[in-house]
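One structure below.
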Amino acid sequence: MLSMSKLRYRIKSVPLSVLFTLLTDSGYNIDRMSRCPIQDNCSDRSVYKTVGSLSCSNMQTGKLLIRSVITSTTRSFSSMAGTILVQARDPAKLSVEIENAIDERRYDDTWKLFEQHMQMEGFPRKSIVNKLLTSFTESFEAKWLEKAYGLVEQAFEESKHNLLEKETLIYLSLGLAKCGSPIPASTVLRKLVAMEQYPPVTAWSAILVHMSLTAPGAYLAAELILEIGYLFQDGRVDPRKKSNAPLIAMKPNTNSYNIALAGCLLFETTRKAEQLLDMMPRIAVKADANLLIIMAHIYERNGRREELRKLQRHIDEVYNLSDIQFRQFYNCLLSCHLKFGDLDSASKMVLEMIQKAKEARNSLAASTFAFDATGNDKFARDRNFMNLEAEAKRVLQTLLAKLQMQVELITTEHGILQPTERIYVKLVKAFLEAGKTKDLVQFLIKAEEEDTQVSNDDSALGHVINSCISLGWLDQAHDLLDEMRLAGVRASSSVYASLLKAYINADRAGEVTALLRDARSAGVQLDSSCYEALIQSKVIQKDDQGALHLFKEMKVAKIPRSGHQEFEMLVKGCEENREASLMSKLLKEIKEGQRDDNGVHDWNNVIHFFSKKRLMQDAEKALKKMRSLGHSPNAQTFHSMVTGYAAIGGKYTEVTELWGEMKSFASATSMKFDQELLDSVLYTFVRGGFFARANEVVHMMEKGNMFIDKYKYRTLFLKYHKTLYKGKAPKFQTEAQLKRREAALTFKSWVGLT
């Protein structure tokens with residue numbers, strides 16, 4: 001136990017703040033703060049400290065009280081001494097201990113010591129703060145990354161952000177992004193830009209690529225490109241000025257664009273991606289081969305067929321495109337033809353591919369494509385962030401590989417484009433839905449002529465007819481058979497058998513007779529299962545003579561009892577064995593797929609054109625005409641309208657009216673609101689100060705578990721409504737004024753400003 005003399009000696013070095021804490025704990029009321037000198041008899045120096053209710057006039061009493069507390073707590077002070085002495089450490093010594101704990105990677109001790117320093121002196125010196133942040137970042141543990149981020153937030157709140165180094169924050173942002181925390185990662189980047197510590201694009205591209213592996217991160221990545229790109233639009237920054245060099249180094253480049261756009265594609269926010277494409281020429285970003293293919297994907301998703309056709313000229317001129325990139329582009333073009341119901345262009349593309357493949361089948365060697373998307377989680381730090389740039393490019397390849405996996409309609413064999421079964425399925429479905437039976441037969445005949453020889457039983461036409469029969473489309477199946485016969489193509493007996501039995505089961509005697517006549521005139525010999533079905537039908541109809549006639553005919557023709565397997569068994573076998581046959585795929589496509597309204601894509605393009613040109617009266621007329629023709633607008637339609645109004649500015653009433661129309665339309669139809677549409681509506685309402693409507697949109701987005709960029713809306717509120725409803729509410733308000741105030745305060749609270 002400490003002796004009294006030693007204890008008093010140590011107490012001399014204890015800050016008075018600790019002693020005033022003891023006063024409080026001993027029952028003394030310390031509720032008023034003043035600053036007075038206390039002359040200590042044991043020292044020649046004056047000690048300045050905050051004192052509670054002790055005033056300068058009764059300073060002697062104050063000293064007696066302190067000594068009284070020390071004396072009265074001697075018995076229990078031994079147990080408290082350790083705690084007091086920890087709190088009373090020299091800040092310089094504590095800083096050394098923090099550094100030692102960091103070097104030894106004792107994160108728990110580091111944090112405890114750091115908290116003690118914050119309680120005593122506030123933030124330690126700059127080098128220690130950055131060393132701590134770097135150490136926590138390199139731990140790659142969520143707990144310590146969260147602590148590091150919280151520390152950065154505190155530094156900004158206390159206006160101590162001058163303690164934070166740019167490189168430290170860049171690597172913290174990267175660490176957060178890598179560990180699946182894109183929201184704080186983006187916030188750190190935004191704060192760097194706000195404090196004009198501009199991160200070079202080689203660095204923030206690496207952060208972007210890891211953010212883009214999640215849906216919220218991909219959306220934020222696109223927002224960051226738009227925010228940073230805005231600074232450079234239309235030559236706002238003069239690159240000739242040396243002082244602008246750090247800012248110029250931050251300018252978005254082709255690689256950062258590839259990353260953000262690939263993320264938008266993977267998480268289906270392609271209208272946001274198109275906003276990035278619109279910005280490209282305004283900040284002079286050049287497209288490379290990857291970017292051209294990504295653009296093709298975006299145009300296909302958004303139904304921009306004319307843009308795809310323009311892009312085709314560039315694709316044909318690029319010399320370094322790989323087979324996989326060619327395949328992706330033509331897959332996008334073919335898919336877009338189908339979206340617009342342009343079956344002539346689509347079928348022509350397929351036939352050209354088959355013909356070229358036939359001509360060059362044996363002339364080219366196989367080509368391969370591989371990439372290494374592996375990496376490690378260690379930071380390879382360098383002053384110019386070149387290692388981060390290499391990492392960004394490597395991870396980008398994993399994003400692009402995921403896009404390649406979405407190509408369904410075209411494949412490559414020995415470097416040659418070839419159609420897949422999937423495109424046949426989609427074309428057949430489109431031809432049948434359009435009632436173009438003759439065109440379908442001609443297409444399939446030409447395709448089989450160009451392709452390898454197959455038996456009649458395995459022909460695409462046979463599969464299509466059997467699929468129609470299975471779906472109950474007996475008239476279409478019969479029409480296809482007629483077109484085949486007129487084109488000089490002989491159908492197999494199994495096809496006739498399937499349709500015949502379907503007619504029998506449907507009790508369509510007239511069609512049975514006509515089909516039998518067609519089969520005999522075509523020289524097709526029916527199998528035993530057909531005769532058995534016909535005989536059974538006659539028996540049910542009590543036509544004994546007819547049944548006997550068929551039996552004799554079967555006997556004369558020497559038809560064996562074991563005929564072809566029934567179509568229903570064939571379909572069942574396909575399902576059980578998971579065979580990827582054309583027929584089973586077609587059945588699935590027709591049963592599960594919804595019929596496309598091709599006109600919607602045309603009208604969406606018209607409305608998008610007018611909205612982009614800010615011709616909103618023409619856009620409104622187009623929307624009205626679209627609906628009058630029976631085409632239902634979708635989220636893309638309304639998104640074009642909202643962004644068009646927002647681009648003009650001040651059209652908040654029009655957006656409010658459109659919002660009401662959208663809600664009414666959605667409740668009466670199958671239209672669904674998506675994140676991109678609601679985000680554009682929310683932005684317009686917040687910009688215009690329509691907070692009741694804004695809260696409505698927020699509620700809808702949160703109910704649908706959609707990501708909302710709160711940082712963006714907090715910034716927007718501070719920019720345009722910073723002083724709104726800051727003071728006390730007036731005593732007299734109308735009900736409307738009260739509701740507006742409440743709505744604004746609710747939104748302000750939601751973004752974290754209260």
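This is a predicted model, so every value here is computed, not measured. Count residues from 1 along the sequence.
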request  = Measure the acute angle between the ring planes of Phe747 and Tyr713, then classify it against the limits of 30° and 60° as parallel, tilted or perpendicular.
outcome  =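 Because their plane-to-plane angle is over 60°, the rings of Phe747 and Tyr713 count as perpendicular.
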For [X] and [Y], does a side-chain donor sit closer than 3.5 Å to a side-chain acceptor?
X: Tyr107; Y: Arg105; value: yes
X: Tyr198; Y: Asn244; value: no
X: Trp750; Y: Glu702; value: yes
X: Asn302; Y: Thr270; value: yes
X: Gln119; Y: Glu115; value: no
X: Gln636; Y: His608; value: no
X: Asn604; Y: Thr637; value: yes
X: Tyr645; Y: Glu620; value: yes

Between [Y] and [X], is there a side-chain heavy-atom distance shorter than 4.5 Å?
X: Leu677; Y: Asp674; result: yes
X: Pro184; Y: Leu145; result: no
X: Thr134; Y: Leu172; result: no
X: Leu176; Y: Met211; result: no
X: Gln675; Y: Phe707; result: yes
X: Ile225; Y: Ser256; result: yes
X: Leu291; Y: Met280; result: yes

salt_bridge([X], [Y]) N-O dist < 4.0 Å:
X: Glu223; Y: Lys272; value: yes
X: Arg301; Y: Glu268; value: no
X: Asp709; Y: Arg714; value: no
X: Lys612; Y: Asp278; value: yes

ask   = Does the separation of the ring centres of Phe691 and His721 fall below 6.0 angstrom?
value =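 So the answer is yes for these two rings.
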inquiry  = Between Trp659 and Phe673 (judged by ring centroids, cut-off 6.0 Å), do the two rings come close enough to count as a pair?
reply    =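 Trp659 vs Phe673: aromatic centres under 6.0 Å.
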Do side-chain atoms of [X] reach the backbone of [Y] as a donor and acceptor pair under 3.5 angstrom?
X: Gln233; Y: Met279; result: no
X: Ser173; Y: Leu169; result: no
X: Thr643; Y: Ser640; result: yes
X: Glu99; Y: Val96; result: no
X: Ser212; Y: Leu208; result: yes
X: Thr746; Y: Glu742; result: yes
X: Ser664; Y: Gly660; result: no
X: His117; Y: Gly122; result: yes
X: Asn130; Y: Leu164; result: no
X: Thr398; Y: Val395; result: yes

Checking [X] against [Y]: charged group under 6.0 Å from the ring centre and within 45 degrees of the axis?
X: Arg236; Y: Tyr230; value: yes
X: Lys178; Y: Phe140; value: no
X: Arg687; Y: Tyr652; value: no

Mind checking the [atom1]-[atom2] spacing from [X] to [Y]? Nearest 0.5 Å is all I need.
X: Asn695; Y: Met700; atom1: CG; atom2: CE; value: 12.5 Å
X: Ile207; Y: Leu388; atom1: CD1; atom2: CG; value: 7.5 Å
X: Gln275; Y: Thr269; atom1: CD; atom2: OG1; value: 10.0 Å
X: Ser243; Y: Lys241; atom1: OG; atom2: NZ; value: 6.0 Å
X: Asn634; Y: Met671; atom1: CG; atom2: CE; value: 8.0 Å
X: Leu623; Y: Asp618; atom1: CG; atom2: CG; value: 12.5 Å

Above 12 or not: heavy atoms from other molecules or residues under 6.0 Å from [atom1] of [X]?
X: Lys748; atom1: NZ; value: yes
X: Lys126; atom1: NZ; value: yes
X: Glu146; atom1: CD; value: no
X: Gln617; atom1: CD; value: no
X: Lys160; atom1: NZ; value: no
X: Lys613; atom1: NZ; value: no
X: Lys739; atom1: NZ; value: no

inquiry  = Walk me through whether Leu151 and Phe114 qualify under side-chain contact (heavy atoms from CB on, under 4.5 Å).
reply    = CA-CA 11 Å; Leu151 179 56; Phe114 178 78; 3.3 Å; yes
request  = Test Ser205 against Asn255 for side chain to side chain donor-acceptor pair (under 3.5 Å), laying out the working first.
outcome  = CA-CA 7 Å; Ser205 291; Asn255 198 47; 4.8 Å; no
Salt bridge (Lys or Arg N to Asp or Glu O under 4.0 Å) assessment of Glu227 paired with Lys712 = CA-CA 10 Å; Glu227 290 172 17; Lys712 177 175 73 174; over 6 Å; no
request  = Please assess Leu682 against Leu678 for the test side-chain contact (heavy atoms from CB on, under 4.5 Å), listing each intermediate value before the final yes or no.
outcome  = CA-CA 6 Å; Leu682 179 58; Leu678 292 178; over 6 Å; no
